[in-house]
Amino acid sequence: MPPGPEGTQVIRRDGRPAQAPEGPRAWSQAPGPGRGGARPAGPEQTRAYRPHGPDRGASPYAPTQTPQPYADPHRRQGGGVGAPPQPPRRTSPPAPPQQPPRPAKSRRRPHWGRRIGLVLLALLVLIGGSVVYLDRGLNRIDALADYPDRIGDTPGTNWLLVGSDSRAGMTPEEEAALATGGDVGEGRTDTIIVVHIPESGKATMVSIPRDSYVPIPGYGRDKINAAFAQGGPQLLVQTVEGATGLHMDHYAEIGFGGFAGIVDALGGVNLCVPYPIDDPLAGINLQPGCQDLTGAQALGFVRTRATPLADLDRMKNQRAFMSALLDKATSAGTLVNPFRLWPMVTKTAGSLQVDEGDHLWNLAGLAWAMRSGPITTTVPIAGFEDVDSGNVLVWDRERASQFFGALAEDRPVPDSLITTGP
């Protein structure tokens with residue numbers, strides 16, 4: 001056979017022959033023809049490589065390398081081209097660490113007690129401010145002035161209520177609408193009522209006829225309404241105290257205009273008219289039966305003497321009116337209705353004249369004491385006489401003394417002394 005290609009020659013720089021490397025050689029490094037050495041002849045050339053072992057001779061050559069086919073995972077079977085490699089997926093940035101959950105806020109319960117308390121406080125402030133404002137608007141006069149030998153304080157509370165024929169503050173049109181008859185000069189009293197409020201029990205409302213023939217300090221005996229004309233409220237109070245033996249604690253006076261205004265502020269007053277009353281001088285023409293009266297009609301009703309018993313009927317009508325007026329003024333329909341209560345209170349405060357020591361809450365106490373219906377009566381009378389002052393009404397001295405004696409001691413008046421009729 002032709003010689004094989006010459007193997008790689010290793011020449012050293014110092015000229016020495018290269019020594020064969022010790023240790024195992026690769027198959028390509030095995031000595032053979034033309035490689036600087038000869039392979040063993042004979043059967044050794046065809047002998048297959050066998051691994052060395054304890055019972056075999058060690059072979060200095062590496063085993064024959066057998067290439068293995070590479071299987072591409074992206075190639076399809078059958079020689080087709082596989083899908084292109086997918087780009088790496090973008091990964092989102094790592095989520096921030098989760099915060100621990102906040103504790104749920106406890107929902108506060110509404111403080112209804114506090115809210116109601118604030119509302120009540122606001123109402124109290126509003127009512128208190130209104131009372132002070134109205135109290136300052138009262139017309140005050142010195143009616144309960146002291147005088148020598150005045151009767152000392154008596155048990156219970158006594159009011160002197162006076163209805164005068166004053167036209168003060170009224171226009172001519174208002175005087176015509178109320179049939180007042182125009183200015184008559186000096187003031188007179190059409191109504192004189194004593195109200196006794198006991199420590200316990202019902203109040204007693206006593207009508208004193210304006211023609212009562214009584215002693216007037218400094219003027220002798222005369223009709224009781226002459227005291228008002230001659231000395232005003234102070235002389236009238238002194239005359240009433242001397243005739244009744246009762247110490248007056250409060251005083252209230254109202255004129256024609258204020259009287260009608262209070263009734264209209266309440267929306268009218270329901271009264272039961274016992275008989276037909278036609279009195280052009282009082283400006284009324286009423287039919288029998290229960291009916292709502294306006295301010296002008298109510299004023300005519302308490303003033304008229306066009307009835308069978310004249311002044312005695314008038315006193316009875318006045319007491320009936322007062323009871324109806326106070327009943328409506330203190331009713332729930334009035335107290336809970338600000339559109340009725342406020343006009344009534346303001347009109348009352350602006351229409352009344354009271355003593356210097358009286359206040360709005362004193363008037364409220366009077367109305368409250370009479371809300372359940374007072375005992376209404378008149379002074380026990382003996383009859384009528386003609387004197388220099390004209391026709392006058394004379395009291396029954398014995399019965400009148402017992403009557404006012406019971407009130408002065410804060411005892412109920414005996415039924416035998418109560419006059420329910422005229």
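FYI, the numbering just counts along the sequence from 1. Given the structure is predicted, the values throughout are model-derived calculations rather than measurements.
- When side chains are defined from C-beta on, F404 counts as touching L246, because their heavy atoms get closer than 4.5 Å.
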T334/K328 under side-chain contact (heavy atoms from CB on, under 4.5 Å): CA gap, chis, key distance, verdict: CA-CA 7 Å; T334 298; K328 187 167 186 178; 4.2 Å; yes
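- Remark: D311 engages R314 in a salt bridge, criterion side-chain N to carboxylate O under 4.0 Å.
- There is no side-chain donor-acceptor pair under 3.5 Å between R136 and H359.
- When every heavy atom of A408 is checked against every heavy atom of P155, the shortest pair comes out as O-CD, 3.0 Å.
- Side-chain contact between D313 and P308: present, with at least one pair of heavy atoms (C-beta onward) separated by less than 4.5 Å.
- Of all non-hydrogen atoms in Q402 and L417, the two that sit nearest each other are CB-CD1, 3.7 Å.
- Looking at P374 and S323, their side chains come closer than 4.5 Å, going by heavy atoms from C-beta outward.
- Here OG1 of T419 is found 9.5 Å from CG of D396. Values are rounded to the nearest 0.5 Å.
- Heavy atoms only, all atoms of each residue included: A306 and D278 are closest at CB-O, 4.2 Å.
- Under the 3.5 Å distance criterion, with hydrogens and angles disregarded, no donor-acceptor pair is assigned to the side chains of T330 and W368.
- Contact annotation: the side chain of S212 never approaches that of K223 to less than 4.5 Å [non-hydrogen atoms, C-beta and beyond].
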Audit row: L161, V195, side-chain contact (heavy atoms from CB on, under 4.5 Å) steps and yes/no: CA-CA 8 Å; L161 306 180; V195 177; 3.8 Å; yes
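- More than 12 non-hydrogen atoms from other residues, nucleotides or ligands lie less than 6.0 angstrom from CZ of R221.
- The main-chain N or O of W342 is found under 3.5 Å from a side-chain atom of T346 such that the two form a donor-acceptor pair.
- Counting non-hydrogen atoms of other residues, nucleotides and ligands closer than 6.0 Å to CG of D415 gives a total of 12 or fewer.
- Put simply, CD on E385 and CG on D211 are 13.0 Å apart, with the number rounded to the nearest 0.5 Å.
- When all heavy atoms of L335 and L341 are compared, the closest pair comes out as O-CD2, 3.6 Å.
- By the neighbour-count criterion of 12 heavy atoms within 6.0 Å, atom OH of Y147 is densely surrounded, having more than that number from other residues, nucleotides or ligands.
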Compile the donor-acceptor pairs under 3.5 Å between side chains in residues 196-208 and protein atoms, sequence neighbours left out, one pair per line.
{"residue": "H196", "atom": "ND1", "partner": "N158", "partner atom": "OD1", "Å": "2.6"}
{"residue": "H196", "atom": "NE2", "partner": "D410", "partner atom": "OD1", "Å": "2.9"}
{"residue": "S207", "atom": "OG", "partner": "R319", "partner atom": "NH1", "Å": "3.2"}

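- Side chain of H247 to backbone of I151: a donor-acceptor contact under 3.5 angstrom is found.
- Taking the six-membered ring where the residue is Trp, the centroids of F259 and F321 are separated by under 6.0 Å.
- The CZ atom of R371 sits 11.0 Å away from the CG atom of D327 when rounded to the nearest 0.5 Å.
- Looking only at side-chain heavy atoms (C-beta outward), I193 and W159 stay at 4.5 Å or farther from each other.
- By the 4.5 Å heavy-atom criterion applied to side chains, I116 and L118 are not counted as neighbours.
- Of all heavy-atom pairs spanning N139 and G350, the tightest one is ND2-O, 3.3 Å.
- We find the OG1-CG distance between T348 and L134 to be 9.5 Å, quoted to the nearest 0.5 Å.
- In this structure, F339 places its CZ atom where only 12 or fewer heavy-atom neighbours from other residues, nucleotides or ligands lie under 6.0 Å away.
- A pairwise comparison of heavy atoms in V379 and A400 identifies CG1-CB, 4.4 Å as the closest pair.
- At least one side-chain heavy atom of I418 sits less than 4.5 Å from a side-chain heavy atom of V413.
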Intermediate values then yes/no, side-chain contact (heavy atoms from CB on, under 4.5 Å), L144 and D249: CA-CA 8 Å; L144 301 176; D249 302 297; 5.8 Å; no
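- Taken from CG in L271 to CG in D292, the straight-line distance is 9.0 Å, to the nearest 0.5 Å.
- At least one donor-acceptor pair under 3.5 Å links the side chain of E241 to the backbone N or O of M248.
- Contact check for M315 versus P209: side-chain heavy atoms found under the 4.5 Å cut-off.
- Judged by distance alone, with hydrogens and angles left aside, the side-chain atoms of Q291 form no donor-acceptor pair with the main-chain N or O of N270 at under 3.5 Å.
- Distance check, rounded to the nearest 0.5 Å: CG of N317 to CZ of F301 gives 3.5 Å.
- No side-chain donor-acceptor contact under 3.5 Å links T304 to the backbone of G300.
- Under the 3.5 Å distance criterion, the side-chain polar atoms of Q318 are matched with a main-chain donor or acceptor of V302.
- Only one option out of T157, D358, D355 pairs with H250 in a side-chain hydrogen bond (donor to acceptor under 3.5 Å, both in side chains); it is D358.
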Residue pair D135, W361: steps toward the side-chain contact (heavy atoms from CB on, under 4.5 Å) verdict: CA-CA 8 Å; D135 183 67; W361 44 90; 4.0 Å; yes
